[in-house]
There are 2 protein chains.
Amino acid sequence: MSSVARLAEIGALIGDPTRCAMLVALMDGRALTASELARAAGVTPPTASSHLAQLTQADLLSVIRQGRHRYHQIASAEVARMLEGLMAVASRTAAPQRVVATGPRDQSMRDLRTCYDHLAGRHAVAIADGMAARGQIVLSPDGGRLTEAGEALLRTLSIDVPAEPGLLVRPCLDWSERRFHLGGGLGAALQQAFLTRGWIRRSEGSRAVSLSPDGRRALADLFDLEALRA
Amino acid sequence: MSSVARLAEIGALIGDPTRCAMLVALMDGRALTASELARAAGVTPPTASSHLAQLTQADLLSVIRQGRHRYHQIASAEVARMLEGLMAVASRTAAPQRVVATGPRDQSMRDLRTCYDHLAGRHAVAIADGMAARGQIVLSPDGGRLTEAGEALLRTLSIDVPAEPGLLVRPCLDWSERRFHLGGGLGAALQQAFLTRGWIRRSEGSRAVSLSPDGRRALADLFDLEALRA
DNA sequence: CAGATGCTTCGACCGAGGTCGAACCATCGA
DNA sequence: TCGATGGTTCGACCTCGGTCGAAGCATCTG
């Protein structure tokens, strides 16, 4: 298959609303079952099965079999990056969404949620802003850099500072905020550190992430987040 | 329209082989007419017109009217980045293409060509490798950084070194080489510098870029490209 | 072994959309 | 004003693929 044909194949896979809903649901980096994805996309199991087979066949998803369950997940960070690129264009030109029945879950999603392997949402944007304001990172649309001050911060969190500095900052356009948060190795390392410290906890069946009281205090102090002190 | 629906819309647009061929043809950053794009995609003018209207309507392309010509181009760097992300995934999993009738044009395309606003191909990969080997840049899949040595190189080329250093290196996976070359602000600045010096020249009706004798010598010296001395 | 549950395959239906020829509109040159 | 050329609109055709119910397969539990 030529590269153009393969490109069109991937586009066609993303071009169906049902498959799209599944991919978006999987963008939090977790593996979900066919039934969960069928519910998320609002179709019957046979339809979901057909779509998942196509996405897996095309190496956009990978499957882990565990007993009678089959867990589907985004196949690679490269695929996740591709989807982020698409979402950035989609969110920029999408008409402002009607806000319908904004429940507590929606609010917590907007506050903090996972984005494949890192954190997104209002607080994640604030963290990126705070680090940039204090000169711990330098951001641009094409990439970013970790500074000496940033390395110092990572050491206080016991995150290994890589030998090659400045290579792990990737800005990621935030759906809800339309501003940048931290992806790349830095974003992943921060999320990992917050999880192991029990500062954040993933919710069941949602990309939303909840803050523990400890986490709320710690993040407020570390990144000067006034919103978390309220 | 919801974000998911907009995402699916963009996917569907990319999902048609004809539109895909047009987008790929436009990825060199130049503006092409409807007729040229119809030829590139192998369809009749009415078909091309319909597709171009859709792509323009969705803000993936923009149109410049000049007399009875209408020049179509990629609407933004963001769209170009999105397409690069798709191509990275597409090229990684695409079956090795049958090499059919490799003409001189194909060879020069593989050597050096434009990739939206920067250079790609064998020599572009060699330039990125050379700069990395000599510590002028540091590369990773998520971003890169310009070093002191790299800034010195830019000064010898009379390229303005930005106030915030290290923000303009974006690795871009090369179709033909399957390795990284330089995108982002640095890639664009280098291409611009080479063009204004007359070292490279864009071909008519192709993404291929030709090297002048001067350019061949200059690039060979600047980046230690043995391939260019032969 | 038997029932329950998760998931897939099969077959039939149906709507969406890509394609082209013909005709039409817009702009340029003489 | 009158071709000539670039580009679009219209209408008819036809294929492709998404959808679901029914049935079948696989795996766990009792």
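Protein chains get the first letters and strands the later ones, always in sequence-line order, with residue 1 at the start of each.
In plain terms, the two heavy atoms of B:Gln66 and B:Tyr71 that are nearest each other are OE1-CE1, 3.8 Å.
Contact check, B:Thr44 against C:dC20: a side-chain N or O comes under 4.0 Å of OP1 or OP2. At the phosphate of C:dT27, OP1 or OP2 sits under 4.0 Å from a side-chain N or O atom of B:Arg65. Contact annotation: A:Thr47 side-chain N/O to D:dG18 OP1/OP2 distance is not under 4.0 Å.
Distances from the side chain of B:Arg68 to the nucleotides C:dC7, C:dC28, D:dT19 place C:dC28 closest. Looking at the side chain of B:Arg70, the nearest of the listed nucleotides C:dG18, C:dT8, D:dG7 is D:dG7. Distance from the side chain of B:His51 is smallest to C:dG18 among D:dG18, C:dG18, D:dC20. The side chain of B:Ala34 lies closest to D:dG7 when the candidates are D:dG7, D:dG21, C:dC7. Comparing C:dC7, D:dG18, D:dT8 by their closest approach to the side chain of A:Ser35 singles out C:dC7. Closest approach to the A:Gln54 side chain among D:dG18, C:dG18, D:dG6 is made by D:dG18 (side chain taken as heavy atoms from C-beta onward).
Counting non-hydrogen atoms under 4.0 angstrom, B:Thr18 reaches the backbone sugars and phosphates but no base.
When each of A:Ser50 and B:Pro45 is assigned the nucleotide of DNA chain D with its nearest heavy atom, B:Pro45 is the one assigned upstream, toward the 5' end.
Between A:Leu60 and the options A:Leu26, A:Leu83, A:Leu55, A:Ile74, a side chain to side chain contact (heavy atoms under 4.5 Å, CB included) holds for only A:Leu55.
Five base pairs at each end of the helix from C:dC1-D:dG30 to C:dA30-D:dT1 define two local axes, and these are offset by 30° (rounded to 10°).
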_Full working for salt bridge (Lys or Arg N to Asp or Glu O under 4.0 Å) between B:Glu9 and B:Arg6_ = CA-CA 5 Å; B:Glu9 184 198 353; B:Arg6 168 73 181 154; 3.2 Å; yes
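With contacts defined as side-chain heavy-atom distances shorter than 4.5 Å, the pair B:Ser212/B:Arg197 does not qualify.
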